[in-house]
Amino acid sequence: MTSSANTRISVNIRLNAQMTDILGTNRLTVNVNESSTVSDVKEEIKKNHPSIEIHLDGTLPVISGTMVNPDQVVEKGQEIAFLSPAAGG
């Protein structure tokens, strides 16, 4: 019997322009535990791509066009966009 804590899911990641320039791609796929949060996904990206850590820390996570909290649980196949905050004034 497999517990859900051991079940891994894939989530799709869309990166902002700065991270795209560094990695040479605007999309990643990350495998995390089934009960993972957006924050967990960010940590997994940092572990696998330390060169974008400083840029990733300043982004806003967006799922289905809605900004979400870091504690939002992610679902299998979901796309999370890590976007730069908009400047205004």
Side-chain angles (χ1 to χ4, degrees):
M1 179 187 266
T2 305
S3 80
S4 64
N6 294 329
T7 302
R8 304 286 283 177
I9 61 169
S10 294
V11 291
N12 301 306
I13 308 301
R14 194 173 70 199
L15 303 172
N16 70 16
Q18 290 175 318
M19 293 184 285
T20 296
D21 287 345
I22 293 167
L23 294 181
T25 184
N26 68 341
R27 296 191 183 272
L28 301 172
T29 299
V30 177
N31 294 309
V32 293
N33 288 331
E34 189 172 39
S35 58
S36 292
T37 64
V38 169
S39 182
D40 297 327
V41 171
K42 274 182 131 173
E43 290 305 312
E44 188 69 18
I45 295 169
K46 290 177 193 179
K47 183 174 82 174
N48 293 320
H49 303 283
S51 61
I52 63 171
E53 181 173 355
I54 193 167
H55 302 290
L56 188 61
D57 284 339
T59 60
L60 301 173
V62 175
I63 298 175
S64 299
T66 303
M67 191 170 64
V68 296
N69 292 319
D71 62 354
Q72 171 76 38
V73 175
V74 297
E75 298 175 12
K76 180 180 178 181
Q78 203 163 38
E79 181 177 89
I80 306 168
F82 289 102
L83 306 177
S84 300

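What you see is a predicted model; the values in this text were computed from it and never measured.
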K.L.:
Do Thr7 and Asn33 touch side chain to side chain, with heavy atoms closer than 4.5 Å?
P.N.:
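No, side chains not in contact.
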K.L.:
Distance-only check: which donor-acceptor pairs under 3.5 Å involve side-chain atoms of residues 70-81, not counting sequence neighbours?
P.N.:
from, atom 1, to, atom 2, distance (Å)
Gln78, OE1, Glu75, N, 2.8
Glu79, OE2, Arg27, NH1, 2.6

K.L.:
Is Ile13 reachable from Leu23 through a run of hydrophobic residues whose side-chain heavy atoms are each under 4.5 Å from the next?
P.N.:
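Leu23 clusters together with Ile13.
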K.L.:
Strictly distance-based, threshold 3.5 Å: is any side-chain N or O of Thr20 a donor or acceptor partner for the main-chain N or O of Asn16?
P.N.:
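The answer is yes, because a donor-acceptor pair under 3.5 Å joins these two groups.
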K.L.:
Is it true that the side chains of Arg14 and Asn26 contain a donor and an acceptor less than 3.5 Å apart?
P.N.:
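Arg14 vs Asn26: no donor-acceptor pair found between side chains.
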K.L.:
Nearest 0.5 Å please: distance from the CG atom of Asn69 over to the OG atom of Ser39.
P.N.:
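OG of Ser39 is found 11.0 Å from CG of Asn69.
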K.L.:
Rounded to the nearest 0.5 Å, what's the gap from CG on Leu15 to CD1 on Ile22? Could you check?
P.N.:
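It is 10.0 Å, given to the nearest 0.5 Å.
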K.L.:
Given Ile52 and His49, is the side chain to side chain contact (heavy atoms under 4.5 Å, CB included) satisfied, shown in steps?
P.N.:
CA-CA 6 Å; Ile52 63 171; His49 303 283; 4.0 Å; yes
K.L.:
Check residues 56-68 and write down every donor-acceptor pair under 3.5 Å in which the side-chain atom is one partner and the other belongs to a residue at least two apart or another chain.
P.N.:
from, atom 1, to, atom 2, distance (Å)
Asp57, OD1, Lys46, NZ, 2.5
Thr59, OG1, Leu56, O, 2.7

K.L.:
When clusters are formed by joining ILVMFWY residues with side-chain heavy atoms under 4.5 Å apart, either directly or through shared neighbours, do Ile9 and Ile45 land in the same one?
P.N.:
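Ile9 clusters together with Ile45.
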K.L.:
Tell me the closest heavy-atom pair linking Met19 and Phe82, and the distance in Å.
P.N.:
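Nearest pair, atom of Met19 first, then Phe82: CE-O, 3.8 Å.
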